[in-house]
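Read the structure below first, then the notes.
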Amino acid sequence: MLVDPERQTLQTALQNLNSLYLTDYGMVMAGALISVLPLIGVFLIGSRHFIANIAAGAIKG
C-alpha cells in the first residue's frame, strides 16, 4: 500500500529503520521525538483551554 518511500507516513519510515542485523537507535529515537513534538504542542495548548472551560463550568452562580 505504501510502496513509494516519499509517501510513507513517519511511523512507517521509522519501522523501516529497523533492519535484521543492525538498528540505529539514535536515528529511531530522533524520528520518534520529531513525531511526538506536534502532539505535545497540541496537548499543551488544548489542555490549557480544556481546564479553563472545566473551571468556568464548575462555578455555580
Side-chain angles (χ1 to χ4, degrees):
M1 189 164 157
L2 296 172
V3 179
D4 187 16
E6 293 183 7
R7 294 180 172 247
Q8 288 182 347
T9 61
L10 186 57
Q11 291 78 14
T12 308
L14 285 174
Q15 181 62 36
N16 288 338
L17 290 175
N18 295 329
S19 69
L20 186 60
Y21 300 108
L22 177 68
T23 300
D24 186 7
Y25 288 108
M27 187 71 73
V28 173
M29 291 300 140
L33 178 68
I34 290 171
S35 67
V36 170
L37 283 178
L39 297 174
I40 292 172
V42 169
F43 173 76
L44 291 175
I45 293 169
S47 66
R48 193 176 316 153
H49 294 293
F50 183 73
I51 292 171
N53 288 335
I54 288 177
I59 298 173
K60 293 183 179 182

| task | Would you mind listing the cluster partners of L37? Hydrophobic ones only (ILVMFWY), side-chain contacts under 4.5 Å, chaining allowed. | result |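 L33, listed by chain and number.
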
| T12 side-chain N/O to Q8 backbone N/O, donor-acceptor pair under 3.5 Å |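 No; judged by distance alone, with no hydrogens or angles, the pair does not exist.
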
| query | Step by step, would you call N18 with V28 a side-chain contact (heavy atoms from CB on, under 4.5 Å)? | reply | CA-CA 8 Å; N18 295 329; V28 173; 3.8 Å; yes

Which atom names give the shortest non-hydrogen contact between [X] and [Y], and what distance separates them?
X: I34; Y: P38; answer: O-CD, 3.3 Å
X: L14; Y: G31; answer: CD2-CA, 3.6 Å
X: S47; Y: L44; answer: OG-O, 3.2 Å

| message | Using 0.5 Å steps for rounding, measure from the CG atom of L17 to the OG1 atom of T23. | response |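 Output value for this atom pair is 9.0 Å.
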
| message | For the CG atom of D24 and the CE atom of M29, what is their distance to the nearest 0.5 Å? | response | 10.5 Å

